[in-house]
Number of protein chains: 2
Amino acid sequence: MRDSKIIDVARKADVSPATVSRVLNGSPLVTGKTKEKVLQAIQELNYTPNAMGKQLRSRKTMTLGVVVTDIGVAYNAEIIKGIENTANGLKYKILICDSQNEREKELEFLSLLQNRTVDGLILVTPQLTDSEIFSFADEDYSIGIIGRQINHPFIPCCFTDNIRIGREVVQHLMEQGHCRIAYISGYADAPDSIGRQEGYREELESAGLTFIPELMDIGDFDEQGGYEAFKRLRAKNQEFTAVFTANDEMALGVYKACAELKISVPESMAVVGVDNIRITNYVEPKISSVEQPLYAMGALLAEKLIDQMNGSVRAEQQLFMLHSTIMAKGSSVKGG
Amino acid sequence: MRDSKIIDVARKADVSPATVSRVLNGSPLVTGKTKEKVLQAIQELNYTPNAMGKQLRSRKTMTLGVVVTDIGVAYNAEIIKGIENTANGLKYKILICDSQNEREKELEFLSLLQNRTVDGLILVTPQLTDSEIFSFADEDYSIGIIGRQINHPFIPCCFTDNIRIGREVVQHLMEQGHCRIAYISGYADAPDSIGRQEGYREELESAGLTFIPELMDIGDFDEQGGYEAFKRLRAKNQEFTAVFTANDEMALGVYKACAELKISVPESMAVVGVDNIRITNYVEPKISSVEQPLYAMGALLAEKLIDQMNGSVRAEQQLFMLHSTIMAKGSSVKGG
DNA sequence: TCCTCTATTGAAATCGATTTCATTTCTCTT
DNA sequence: AAGAGAAATGAAATCGATTTCAATAGAGGA
């Protein structure tokens, strides 16, 4: 059965489509007997307004696109939840793109903004360059970014204070008595790597300790990378009693290396990661980690972006920097 | 700047909108100089066909809705990936609903089928009842289900052979010398719980062992539930040397209980779970688990559903039962 | 050169709902 | 009871692209 259209309802209720539309949209113009008739007809025909007709006329899809590199990673899933929940509350739906790190796919998805399949787009992708993103930004295309700061007149960004993360981790480790602390970054050019390293250095120096470049290595954000980086660090013959890894995956790699090298955590080596992924609580000892307000980041940016989309005036760029929390556990607290 | 419409391109190229449309859609009718002119105009205006206009006319949104109870759970994320990738390959996009187990939200999302926001819908939700789903199924609404079998003339389903999972786990445990094996199910009425229990029982009996109802308990699919169920089982004074939990979360609970009760795994207690989540490889000893072909399930169902949506004739109901693989690890293989 | 037949092209209808603007119907006053 | 003003209703335009069907231009044959 073809579903019924507004004209069918109109005929059945013996009114015009305009009147039906008014009833549907709660206009105060239609009341009493007429309204009754229309409601009756709607009910009898089990009529539901067609979304496409509505969207075409209103020039709105009430849909937000979200691009992530991998939906299976807890980091992204949590952000998506924040976005989705907030968006749903504001009557928006979520179109997802799991790019699997293919920039092709990400760029293609961006074009959904241009053809108006989505009203706005949120990017959670470290890989696109600023200029690639700028090329899609337009007075009239709403883009928002999470996990990264970008300088553009009207692209809102929500990210964490990476410098502060670095400082707090180092501070925490110093409180535990460490003064030779290594740092394993992710990709060298990732803002997260750089910011956390910056904080690491700042805190060391402001504590009067010397910053030793040899105590830093690169682990590409994954377990294997962390494992290898740790081994390289050890090979340098520079003493250190603690490692700060820019994420938990690399901390897991450090654990693996320590197990192989018979280095006990935390007695001989303290470890602190970032993201506080679930596994940190299931390994022995539990991995101390910095928890980022991911859900809140998603929720906040979704709200601001939708605001901006519906606001008549486009405000100046909005930057939202949120703070993280260090969760001290067994890997950095002796007897903890 | 308002984006340009087909009429703008038409004027610029000095042809009619019909001709522009033909060029856009690769019609062989327009060629040579005319085609050139149009392409030129499209380029100059940076024209992109508006999706809503297109959709309204074609009565297709090229969008698939996906309802999951929690996007953050690896089980769902993997299925979504399978769906998304396949759908994208067929030019479909994915609209996600993370219901957080609220049936309200799931039902609301189902109405997107009715108002034609999506062309089809895939449900990965154990909680809606068959009849609730049936009430939305219609000759003309395409619904597919993953992880559950449903009997309806045209709702395709993709699920795993739960009985076989139960049988294979028990078989594996018997091979390791166990003959008193406990079973901890998830929610009592979940098809996964029931099917796995069925297989558990069948295999025991076909091996000539007695099936002992006291060796079964319910753990609600989460860690805490598994923990409690294991303690209750122990309290019954019925000997057992192995536990089969209907998922890995509950196996983690069993680990916790064993640690408390100083029961060593696998020496005094073998454990096997289902889902093979990542954590199973990070605890000591690693948890043996059954890996389901989740990605494949998502991919397969997406393909079949889209086929069905586009096929002129609606075939009889399609049921796809896939098989899982047991991954034997330390928790069920001594010295393994 | 004229005519027929084919290859291109365009005008207008369509998809389904909303909204403006004009028209009709009421409701009060006096 | 008549007229002014307010309230309710509908006709038609609109959103943007596609497609049918009719019309035109062009090619080839006689």
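Each chain gets a letter, A, B and so on, in the order the sequences are listed, and its residues count up from 1. Quick caveat: nothing in here was measured; it's all calculated off a predicted structure.
- Computed from coordinates, the A/Q55 CD to C/dC15 P distance equals 18 Å when rounded to whole Å.
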In the 5'-to-3' direction, what one-character label does each nucleotide of nucleotides 19-25 of chain D receive under the scheme B = base within less than 4.0 Å of a protein heavy atom, S = sugar-phosphate only, - = no such atom? BB-----

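- The nearest whole Å value for the distance from the CZ atom in B/R11 to the C1' atom in D/dA17 is 15 Å.
- Partners of A/F221 by ring-ring contact (aromatic ring centres under 6.0 Å, His included), not counting sequence neighbours, listed by chain and number: A/Y187.
- Put simply, NZ on A/K35 is 17 Å from P on D/dA7, counting in whole angstrom units.
- In this structure, A/K93 does not pair ionically with A/D119, as no charged nitrogen and carboxylate oxygen lie closer than 4.0 Å.
- Within the 4.0 angstrom heavy-atom criterion, only backbone atoms of the sugar-phosphate kind lie near B/T34; the bases stay farther away.
- Listed by residue number, there are no residues of residues 40-47 of chain A with a heavy-atom contact under 4.0 Å to DNA chain D.
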Report all side-chain donor-acceptor pairs from residues 39-46 of chain B shorter than 3.5 Å, counting only partners two or more places apart or in another chain.
residue, atom, partner, partner atom, Å
B/Q40, NE2, B/E44, OE2, 2.6
B/E44, OE1, B/K12, NZ, 3.3

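- Across C/dT9, C/dA17, D/dA17, the shortest atom-to-atom separation from the side chain of A/P49 is found for C/dA17.
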Pairs: protein N or O with nucleotides 26-28 of chain D N or O, under 3.5 Å:
none

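- By the salt bridge (Lys or Arg N to Asp or Glu O under 4.0 Å) test, A/D98 pairs with no residue at all, sequence neighbours left out.
- Residue B/L29 places its side chain closer to C/dT9 than to any other of C/dT9, C/dG10, D/dG10.
- Distance NZ (A/K33) to C1' (D/dA7): 16 Å, rounded to an integer number of Å.
- Residue pairs satisfying the salt bridge (Lys or Arg N to Asp or Glu O under 4.0 Å) criterion with at least one member in residues 17-27 of chain A, sequence neighbours excluded, are absent.
- Screening B/D130, B/D192, B/D189 for a salt bridge (Lys or Arg N to Asp or Glu O under 4.0 Å) involving B/R148 leaves a single residue, B/D130.
- Evaluation of the salt bridge (Lys or Arg N to Asp or Glu O under 4.0 Å) rule for A/D275 yields no partner, not counting sequence neighbours.
- Atom pair B/I6:CD1 and C/dG10:C1' shows a separation of 13 Å (rounding to whole Å applied).
- Nucleic acid contact for B/S58: none, since no nucleic acid atom lies under 4.0 Å from a heavy atom of the residue.
- Comparing D/dA17, C/dC15, C/dT18 by their closest approach to the side chain of B/N50 singles out D/dA17.
- Residue-environment remark: CG (A/D14) stays at or below the threshold of 12 foreign heavy atoms within 6.0 Å.
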Using distance only, find each side-chain donor-acceptor pair of residues 151-160 of chain B under 3.5 Å and give its atom names and separation, not counting sequence neighbours.
residue, atom, partner, partner atom, Å
B/H152, ND1, B/F154, N, 3.3
B/T160, OG1, B/Q292, OE1, 2.9

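- Here A/V30 lies in heavy-atom contact (under 4.0 Å) with sugar-phosphate atoms only.
- When the salt bridge (Lys or Arg N to Asp or Glu O under 4.0 Å) test is applied to A/E132, the partners found at least two apart in sequence or on another chain are A/R103.
- In this entry the distance linking CG of B/N115 with P of C/dT18 reads 12 Å, nearest Å.
- One interatomic measurement links the two molecules: CG of B/L56 to C1' of C/dC15, which rounds to 4 Å at whole-angstrom precision.
- With sequence neighbours excluded, no residue satisfies side-chain hydrogen bond (donor to acceptor under 3.5 Å, both in side chains) with B/T34.
- Per the geometry, CG belonging to B/D8 stands 11 Å off P belonging to D/dC15, to the nearest Å.
- The stretch residues 67-85 of chain B participates, sequence neighbours left out, in these salt bridge (Lys or Arg N to Asp or Glu O under 4.0 Å) pairs: A/D70-B/K81, A/K81-B/D70, A/K105-B/E84.
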